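Here's the structure, in structure tokens; my notes come after.
If you're wondering where the values come from, they're calculated on a predicted model, not measured in any experiment.
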Amino acid sequence: MKLSDHTVFIAGGTSGIGQELARRFAAAGSTVVVGGRDGDALARLAEEGFGTVRIDVTDAASVAAARGTVLARYPGLDTVITMSGVMRMEDLRDPAHFEATAATVDTNLLGTIRVVDAFTPHLIGRGAGTFVTVTSGIAFLPFPPMPSYAASKAGVHAYSEALRAQLAGTGVDVVELVPPAVATAGQEKVNPRALPLDEFATEVMDLLAQEPTPREILVKDVQMHRWAERDGTYDDLVAQRSQALANLPGRRG
């Protein structure tokens, strides 16, 4: 994937990985439009020279409005990155967890689908383009305290595979970005092994630039997650990660 001379829309790019990738694509010579709900963050990004648009991926009307705004201002749009996501701890012994489940699935899985659906006709009409969906190492090696996050990201993986098959022959590619734990939003405080954002982004951009672009963007730190079943380490790793269940609020003390 050539990194320059693209027009890229990043839904959920106002912070963390999305914001860093926005800056990397811009630095490589692409036009970048960032979408999100945080008005203050959007204003700061606009001051840096990014295109910005408000979007709430849980709201179909908001997604449709954002699509209209983006395509009116940037008719040459050729790359859409579905970055929006939430991650919540849940204790499945407590039925009250369902509120977190619903919000997680609505944002991570249905939000991805809403954005993809919104821009599919445009990219097919161009005869060329790329969707970059975003999953997680947790999609392949669950972290038991975050069950709905794992399920939603596994769903995005399966959806990406089907989307790629259905778009074959249209000129529209589907690339799945699979991050490990990355040091954003305080991740480094709970996981000292979280990969520094700068290091992660550099590796991602290098992988995206490969010819041909890999179907899955797998940095080194996520390999153990992605291939745990193949390598016969899955059961042991899930058992190790299950020890974190003791940190759920209802199980302390």
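- Side-chain atoms of T112 do not come within 3.5 Å of backbone N or O of V156 as any donor-acceptor pair.
- Counting only distance, with no hydrogens or angles, the side chain of D38 and the backbone of D40 share a donor-acceptor pair below 3.5 Å.
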Output a table of donor-acceptor pairs, distance under 3.5 Å, between side-chain atoms of residues 146-154 and any protein atom two or more places apart or on a different chain; print 'none' if there are none.
residue	atom	partner	partner atom	Å
S148	OG	E90	OE1	3.1
S148	OG	E90	OE2	2.8
S148	OG	T101	OG1	2.9
S152	OG	N108	ND2	3.1
S152	OG	S148	O	3.2
S152	OG	Y149	O	2.8
K153	NZ	V134	O	3.0

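- E20 contributes no side-chain N or O that, together with a main-chain N or O of L197, makes up a donor-acceptor pair within less than 3.5 Å.
- More than 12 heavy atoms of other residues, nucleotides or ligands sit less than 6.0 Å from atom CD of E48.
- Taken together through direct or relayed side-chain contacts under 4.5 Å among Ile, Leu, Val, Met, Phe, Trp and Tyr, Y74 and L71 form part of one hydrophobic cluster.
- In this structure, the separation between CG on L237 and CD on E229 is 11.0 Å, given to the nearest 0.5 Å.
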### Task
Assess whether side-chain contact (heavy atoms from CB on, under 4.5 Å) is satisfied between F143 and V238, documenting all intermediate values.
CA-CA 7 Å; F143 182 56; V238 171; over 6 Å; no
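- Few gaps surround CZ on R230; more than 12 heavy atoms of other groups in view lie less than 6.0 Å from it.
- Side chains of L218 and W227 form a contact here, defined as non-hydrogen atoms less than 4.5 Å apart.
- Side chain of R73 to main chain of V33: no donor-acceptor pair is present (N/O by atom type, distance under 3.5 Å, no hydrogens or angles).
- Taken together through direct or relayed side-chain contacts under 4.5 Å among Ile, Leu, Val, Met, Phe, Trp and Tyr, M83 and V70 form parts of separate hydrophobic clusters.
- The aromatic rings of H157 and F140 sit perpendicular to each other, their planes meeting at more than 60°, with 30° as the lower class boundary.
- The shortest distance between side-chain heavy atoms of L21 and L177 falls below 4.5 Å.
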### Task
Apply side-chain contact (heavy atoms from CB on, under 4.5 Å) to the pair Q210 and M1, showing each step before the final yes or no.
CA-CA 6 Å; Q210 288 184 358; M1 178 179 178; over 6 Å; no
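- In the hydrophobic cluster analysis, where Ile, Leu, Val, Met, Phe, Trp and Tyr join through side-chain heavy atoms closer than 4.5 angstrom, I81 is grouped apart from V115.
- Contact between Y234 and P142 at its shortest, heavy atoms only, is OH-CD, 3.3 Å.
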### Task
Starting from the C-alpha separation in whole Å, work towards a yes-or-no answer on side-chain contact (heavy atoms from CB on, under 4.5 Å) for E203 and K220.
CA-CA 9 Å; E203 195 171 351; K220 293 189 293 293; 3.3 Å; yes
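- With 3.5 Å as the limit, one finds no donor-acceptor pair spanning the side chains of H97 and D91.
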### Query
What do the steps show when you test R164 against E161 for salt bridge (Lys or Arg N to Asp or Glu O under 4.0 Å), and what is the final call?
CA-CA 5 Å; R164 185 182 297 112; E161 294 279 293; 2.8 Å; yes
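- Checking D59, T107, D106 one by one against R114, the side chain to side chain donor-acceptor pair (under 3.5 Å) holds for a single residue, D106.
- Considering only heavy atoms from C-beta on, V8 stays 4.5 Å or farther from V80 through its side chain.
- Checking side-chain atoms of H6 against main-chain N and O of D78 turns up no donor-acceptor pair under 3.5 Å.
- Here the CG-OG1 distance, from L208 to T130, works out to 9.0 Å after rounding to the nearest 0.5 Å.
- The ring of F119 has its center closer than 6.0 angstrom to the ring center of F9.
- A donor atom on one side chain and an acceptor atom on the other are not found under 3.5 Å apart for T133 and E176.
- In the hydrophobic cluster analysis, where Ile, Leu, Val, Met, Phe, Trp and Tyr join through side-chain heavy atoms closer than 4.5 angstrom, M87 is grouped apart from V105.
- A donor-acceptor contact shorter than 3.5 Å is absent between the side chain of R88 and the backbone of A100.
- At least one donor-acceptor pair closer than 3.5 Å links the side chain of R241 to the backbone N or O of L141.
- The two residues A209 and L3 make their nearest non-hydrogen contact at CB-CD1, 4.0 Å.
- In terms of heavy atoms, G18 sits closest to I10 at O-CD1, 3.8 Å.
- In this structure, the separation between CG on L195 and CG on D221 is 4.5 Å, given to the nearest 0.5 Å.
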### Task
Dump the intermediate steps for side-chain contact (heavy atoms from CB on, under 4.5 Å) on V174 and V116, then the final yes or no.
CA-CA 10 Å; V174 178; V116 168; over 6 Å; no
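- Under a 3.5 Å cut-off, the side chain of S62 and the backbone N or O of D56 do form a donor-acceptor pair.
- Looking at heavy atoms from C-beta onward, F25 lies out of side-chain contact with T31 at the 4.5 angstrom threshold.
- Separation of atoms NE2 (H122) and CG (L77) is listed at 4.5 Å; rounding is to 0.5 Å.
- For Q223, the CD atom is densely surrounded, since the number of other residues' heavy atoms within 6.0 Å is greater than 12.
- Between L167 and F131 the shortest side-chain heavy-atom distance falls below 4.5 Å.
- Considering all non-hydrogen atoms of both residues, L245 and R251 come closest at O-CD, 3.7 Å.
- Across all non-hydrogen atoms, the minimal contact from G35 to I55 is C-CG2, 3.6 Å.
- A118 approaches V63 most closely through the heavy-atom pair CB-CG1, 3.7 Å.
- At distances below 3.5 Å, not a single donor-acceptor pair connects side-chain atoms of S30 with backbone N or O atoms of V32.
- No side-chain heavy atom of V175 sits less than 4.5 Å from a side-chain heavy atom of R215.
- With rounding to the nearest 0.5 angstrom, the CG atom of L123 is 8.5 Å from the OG1 atom of T170.
- Under the 3.5 Å distance criterion, the side-chain polar atoms of Q19 are matched with a main-chain donor or acceptor of T14.
- Summarising the local packing, CZ of R24 is surrounded by more than 12 heavy atoms from other residues, nucleotides or ligands at distances under 6.0 Å.
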